[in-house]
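Just so you know, these numbers use all the heavy atoms, side chains as well, and skip hydrogens, waters and symmetry mates. Here the structure is a predicted model, which is why all the values come from computation and not from measurement. Letters A, B, ... are given to chains in the order of the sequence lines, protein chains preceding strands, and every chain is numbered from 1.
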Amino acid sequence: MYKHKNIDKKWQDRWEKAEVFKADDDSSKEKFFALVEFPFPSGAGLHVGHPRSYTALDVITRKRRMEGMNVLYPMGWDAFGLPTENYAIKTGRAPADVTADNIATFKTQLKSLGLGFDWSREINTSDPKYYRWTQWQFLQFFKAGMAYKTEKAINWCVDCKIGLANEEVVNDACERCHGTVEKRNKEQWMIAITKYADRLIDDLKGLDYLDKIKKQQVDWIGRSEGAEVEFEVEGHGSLTIFTTRPDTLFGATYMVLAPEHELINQITTEDRREAVEEYVKEAVAKTEIERGDAEKEKTGVFTGAYAVNPVNNKHIPIWVADYVLMSYGTGAIMAVPAHDARDFAFASKFELPIIEVVRGEGELPRSSDGFAMNSGEFDELCTSECAIKMIKWLEESGKGRVKTNYKLRDWVFSRQRYWGEPIPLIHCEGLCSPETGGWVAVPDADLPVVLPVVEKYEPTDDGESPLAVIEEWVNTKCPQCAGPGKRETDTMPNWAGSSWYFMRYADPYNDEAFADPDKLKYWMPVDWYNGGMEHTTLHLLYSRFWNKFLFDQGLVPFSEPYKKRTSHGLVLAEDGSKMSKSKGNVVNPDDIVKEFGADTLRVYELFMGPFSEPVPWSTNGVVGVRRFLEKVQKISELTADEELETVARALHQTIRKVSVDIENMRFNTAISQMMIFVNLVQKSGKITKESLITFLTLLAPFAPHLANELAENVGHASLLEVNTWPDFNAELAAEKEVNVAVQVNGKLRGTITVPADADQKTVVTSARALENVVKYIEGEPKKVIYVPGRLVNFVI
RNA sequence: GCCGCGGUGGCGGAACUGGUAUACGCGCACGACUCAAAAUCGUGUGGGGAAACCCAUGCGGGUUCGAUUCCCGCCCGCGGCACCA
């Protein structure tokens, strides 16, 4: 039994004193910037899931340091956010105070794990010295015309009383509180992320992200290439639609407008008006989920109006149906029921004509590619060629054009809440800046716009931020004309501060700029970023976009912030369900550290399963890891002047496996190899001091406290953190003898042990001589398969 | 519905590029130590069979001397998207 409590503390103090984790801004060494998502300092404290990601990159950075690199592995606090504000509302305490308390708890907890963060670079997004630069960067968006205020039907969370971005709405419910979300018209600040849609997709190509991360981002942005086509509506001008299948234009037998489409009112004939108005009213009242269910039966109503199909001048009826969304494309479609399942369902129900225009196999509706038919001069062209020719024809005749659409929407950047960065804009009552709707930027010298102290943190029922009621704060002067002005009372979403936090680590105390350009140039981009899959279409996408914008402004020297992005699996409860406070199945890391020590928790977090997969927690597994560490302690007492050859060999095999596995985040198999080594030493009874130190160096990234303690016990004077990562020697690792499987017709009939360098003839001969082989083979085998060092297979 | 990932002992999981399936850990059984227990150490542990051997990597086929690995068709689980024209 080793005394983890004393050992943990002792080495944590030594590291701090020696400043081993401090990153050096002027170093000739190669830099390595490792990043984990900084936590939101919630009142619940550290979750047992946090250390999985932190320990993983701690292992990697500790190895990098031993490999001679200048490592930056920082930590900070994503401190703005609703939970703190809600807590403040409940208790009446100021959010800043609550945050400070929570941070203190988190920090103590993280430190107790021996994580090698450079605490001298700690940042906090709710610190005015930090959010001054968040505000400043927002103003760059504003000044570049990338931020605009507009009345929008936004997702409104009834419980939180805030507008949500699409990304924050999950199954029609608020991502945070799971409360009802409804549509509301509200003036909101928006940021034009859609302008970067193409680059956010295309630039993924050069990045070392997990494939599933790239794919999720691409799907989320949802780029589709097609064409816009103009259809004449008799007596009402033209109606524009978007289609990805311009090749099927001859198959368009009717048109559909979304219920919100502005043309409906104009084109509806008098005899149809009542029915149309009633349908529109019902459709608009439905929730997104009700409307979004693709399984439900199609509904719709005929407007009485007809459009002209530009390719064949046929008159086709215009319908209104809620399966067409106003928010995508032009809010209107041409329906090609033969080749679209939705149009087919609709046409079948309302008995509209179905014309097949793409020849192919199988029943209609059929959306696969093929050859055009019933399409006049386009007949017999293959789908892709037909599309190209059709677009060309449309362009030449002025009836349409190439068009790309995206599912991605602009970023809703306003929150009507207190605990966030104030948006640093002033509305000039004299409207001295009409081109921005009267909005004027707060001058740089007046930043930060500090959150004023308020008494009540509740948002108001009319949807205004609590800041709106503080008149002395709201009423100010227009910085441009000095006339009366009013401050923007909305605050930023909590994604704002985290969109650029990694840059601040390069230069956390700078008051002249968000970071010194030289330091950015040295440290950025992040070399390895690990975080949760849940942020793929939120933080990860936003921060890539934010970075690209700053790059375009010449403010940062790199267009992508993260070179490599990996992801960890969730830590689940023992029964495989999610850990949650309400279920009472949350494991507190403090308890594990207290009972078993920091090293046990660290090693267990990485041993429990494949890093990127979700794995259930197992207290028995924790005990197993602790036993392993105790065995390590035992073998450290077995130092001798000599050791068995097998130990030396196993050591080098372990160096190889641990080195490779760390790079691939296969920590579980790295640890299992170390267990194999320790078992072997225990059995053999002796190990040289040199080999022991080498092994402890390999173990040090995983279990740094114990590894240092044991190294010191055998007289190793320096910290293992400054050791050199051991070199692997292939010669020493090579087995002298190998086991070769002997098969007859692919079935295992025995094994033989032969010298590793034995030639084929020798191996086959002794395999052939096996009693169990002789038994099966009469005469000569038909064929002999020989895989060196692996097997011999006699085919008869 | 579409896309992606996965399915291996009682459990978490290993397995290079197609080459001895079940490494490592947990659990369990037995043994040693002990008055006893815990801890520790040792031995065993996929299933069937006395054994030879046979059967096992979700199911059914295929390719191959040989398939957890490759191909085809299903089933189940997880994650993402979800009437995006």
Side-chain angles (χ1 to χ4, degrees), chain A residues 1 171 211-213 215-216 218-220 222-224 226 241-245 248 252 256 258 288-289 291-296 298 321-325 327-336 339-343 345-346 367 405-409 533-534 536-537 569-570 574 576 603-604 607-610 612-625 627-628 630-631 634 660 666 668-679 682-683 739-751 772 775 781-796:
Chain A
M1 285 290 279
N171 292 334
D211 283 342
K212 61 175 172 181
I213 296 176
K215 211 186 153 312
Q216 254 187 53
V218 171
D219 288 352
W220 184 261
R223 173 161 69 189
S224 38
I241 61 97
F242 173 72
T243 178
T244 55
R245 292 293 300 271
T248 61
V256 187
E288 292 252 301
I289 279 217
R291 274 187 63 170
D293 182 6
E295 306 296 303
K296 78 158 204 259
K298 297 276 180 283
D322 66 1
Y323 81 92
V324 172
L325 309 175
S327 53
Y328 185 77
T330 63
I333 62 157
M334 64 173 196
V336 185
H339 304 290
D340 181 284
R342 299 154 300 181
D343 297 344
F346 191 85
S367 58
N405 263 323
Y406 306 87
K407 288 190 214 174
L408 185 71
R409 301 292 138 75
M533 278 309 287
E534 70 275 20
T536 303
T537 54
L570 243 58
E574 299 230 14
V603 174
Y604 176 66
F607 183 63
M608 62 197 301
S612 58
E613 302 296 318
V615 197
W617 182 265
S618 158
T619 302
N620 279 333
V622 177
V623 174
V625 166
R627 283 211 273 257
F628 160 64
E630 275 166 17
K631 265 192 219 175
K634 278 181 200 157
V660 172
R666 287 153 53 145
N668 53 335
T669 51
I671 292 164
S672 110
Q673 177 62 34
M674 290 191 280
M675 288 172 168
I676 291 171
F677 177 77
V678 169
N679 289 343
Q682 192 180 36
K683 215 169 238 180
N739 283 327
V740 173
V742 182
Q743 300 181 335
V744 177
N745 279 348
K747 281 204 190 296
L748 186 70
R749 297 298 171 192
T751 57
N772 213 13
K775 199 166 85 185
K782 226 193 271 174
K783 201 169 158 192
V784 179
I785 312 273
Y786 173 66
V787 184
R790 290 275 179 195
L791 63 73
V792 177
N793 186 12
F794 296 103
V795 185
I796 53 169

### Task
Answer with yes or no whether N793(A) presents, from its side chain, a donor or acceptor under 3.5 Å of a partner atom in the base of C65(B).
yes
### Task
Name the orientation of the base relative to the sugar in G25(B): syn if the glycosidic angle is within 90° of 0, else anti.
anti
### Message
Among C65(B), A14(B), G25(B), which nucleotide has an atom closest to any side-chain atom of I785(A)?
### Response
C65(B)
### Same-atom distance (P) from A85(B) to C16(B), integer angstrom
40 Å
### Message
Nearest whole Å is fine: how far is G12(B) C1' from Y604(A) OH?
### Response
7 Å
### Any strand: nucleotide that pairs with A14(B) via Watson-Crick or wobble, under 3.5 Å
none
### Query
For G624(A), which contact category applies under a 4.0 Å heavy-atom criterion: base, sugar-phosphate, or nothing?
sugar-phosphate
## Note on the structure
The nucleotide from G13(B), C53(B), U40(B) with an atom nearest the side chain of R627(A) is U40(B)
#### Entry: Strand partner of G42(B), provided both Watson-Crick or wobble distances fall under 3.5 Å
C30(B)
### Query
Under a 4.5 Å cut-off applied to non-hydrogen side-chain atoms, are Y604(A) and F628(A) in contact?
no
### Task
Both distances under 3.5 Å, Watson-Crick or G-U wobble: report the partner of C2(B), or none.
G80(B)
### Query
Within the structure shown, what part of the strands sits under 4.0 Å from S224(A) by heavy-atom distance: base, sugar-phosphate, or nothing?
sugar-phosphate
### Message
Taking the C1' atom in each of C2(B) and G9(B), what is the distance between them to the nearest angstrom?
### Response
36 Å
### Message
Quick check on RNA chain B: between N679(A) and D219(A), whose nearest nucleotide comes earlier from the 5' end?
### Response
D219(A)
### Task
Please state how far atom CD in E574(A) lies from atom C1' in G12(B), giving the value in whole angstrom units.
11 Å
### Summary
To the nearest angstrom, the CZ-C1' distance between F628(A) and A39(B) comes to 19 Å
#### Entry: Atom pair distance, as rounded to whole Å: CG in N772(A) and C1' in A51(B)
13 Å
### Presence of donor-acceptor pair under 3.5 Å, side chain of R790(A) and base of C16(B)
yes
### side-chain contact (heavy atoms from CB on, under 4.5 Å) partner of M334(A), the single match among V256(A), I241(A), D340(A), D343(A)
I241(A)
### Length of the line joining K215(A):NZ and C81(B):P, which is rounded to integer Å
11 Å
### Message
Taking only side-chain N and O atoms of K747(A), does any of them lie within less than 4.0 angstrom of OP1 or OP2 on C55(B)?
### Response
yes
### Task
Choose from C41(B), A85(B), A52(B) the nucleotide whose nearest atom is closest to any side-chain atom of K775(A).
A52(B)
### Message
By nearest atom, which of the nucleotides A85(B), C81(B), A15(B) is closest to the R666(A) side chain?
### Response
A15(B)
### Query
Using the C1' atom in both, what is the distance from G48(B) to A38(B), to the nearest Å?
37 Å
### Query
Side chain of N745(A), backbone of I796(A): donor and acceptor closer than 3.5 Å?
yes
### Task
Using a strict cut-off of less than 4.0 Å between a Lys/Arg side-chain nitrogen and an Asp/Glu carboxylate oxygen, indicate whether K215(A) and D211(A) qualify as a salt bridge.
no
### Summary
Against the side chain of A741(A), the closest entry in U20(B), A85(B), G13(B) is U20(B)
### Query
Expressed in whole Å, how much space separates the C1' atoms belonging to U64(B) and U17(B)?
16 Å
### Message
Give me the distance, rounded to whole Å, that separates G18(B) from C81(B) when you measure between the P atoms they each carry.
### Response
34 Å
### Query
Side-chain N or O of Q216(A) less than 4.0 angstrom from OP1 or OP2 on C3(B)?
no
### Query
Rounding to the closest angstrom, what is the interatomic distance between G1(B) and G12(B) at atom P?
28 Å
## Note on the structure
By the Watson-Crick or G-U definition, both distances under 3.5 Å, C70(B) is matched with G62(B)
### Task
Figure out the CD/C1' separation between Q743(A) and A21(B), and round it to whole Å.
12 Å
### Gap between atoms CG and P, on N620(A) and G27(B) respectively (whole Å)
5 Å
### Message
Counting distance alone, no hydrogens or angles: does the base of C83(B) have a donor or acceptor under 3.5 Å from a partner atom on the side chain of K298(A)?
### Response
yes
### Message
Over all strands shown, is V787(A) touching base, sugar-phosphate only, or nothing at heavy-atom distances under 4.0 angstrom?
### Response
base
### Task
Would you check, one step at a time, whether the test side chain to side chain contact (heavy atoms under 4.5 Å, CB included) holds for M533(A) with I213(A)?
CA-CA 7 Å; M533(A) 278 309 287; I213(A) 296 176; 3.7 Å; yes
### Interatomic distance where OH belongs to Y323(A) and C1' belongs to A85(B) [whole Å]
8 Å
#### Entry: Residue whose nearest RNA chain B nucleotide is more 5′ - M608(A) or N739(A)
M608(A)
### Message
Taking the minimum atom-to-atom distance to the side chain of R749(A), which one of C54(B), A85(B), U20(B) wins?
### Response
C54(B)
### Task
Measure from the side-chain heavy atoms of L748(A) and tell me the nearest of A21(B), C24(B), G12(B).
A21(B)
### Task
May I ask you to say what D211(A) touches in the nucleic acid, namely base, sugar-phosphate or nothing, with a heavy-atom cut-off under 4.0 Å?
nothing
### Query
If pairing requires Watson-Crick or G-U wobble contacts with both distances under 3.5 Å, which nucleotide is the partner of A51(B)?
none
### Task
Using the P atom as the reference point in each nucleotide, state the distance between G79(B) and G13(B) in Å, no decimals.
15 Å
### Query
Between C65(B), A85(B), C54(B), which nucleotide gets closest to the side-chain atoms of T244(A)?
A85(B)
### Query
Counting any heavy atom closer than 4.0 Å, what does F607(A) reach on the DNA or RNA strands: base, sugar-phosphate only, or nothing?
base
### Row check, F346(A) ring normal vs K298(A) NZ/CZ: under 6.0 Å, within 45°
no
### Whole-angstrom distance between G7(B) and G25(B), as gauged at atom P
23 Å
### Message
Need one value for L325(A): base, sugar-phosphate or nothing, where a base atom within 4.0 Å counts as base even if backbone is also close, heavy atoms only.
### Response
base
### Query
Reckon D343(A) touches a base, only the sugar-phosphate, or nothing at all at heavy-atom distances under 4.0 Å?
nothing
### Task
May I ask you to say what V740(A) touches in the nucleic acid, namely base, sugar-phosphate or nothing, with a heavy-atom cut-off under 4.0 Å?
nothing
### Side chain N793(A), main chain I785(A), donor-acceptor under 3.5 Å
no
### Query
Does the E574(A) side chain pair with the main chain of T619(A), one donor and one acceptor, at a distance under 3.5 Å?
yes
### Message
Using every non-hydrogen atom in the two residues, find where W617(A) and V622(A) come nearest and quote the distance to one decimal.
### Response
CZ2-CG2, 3.6 Å
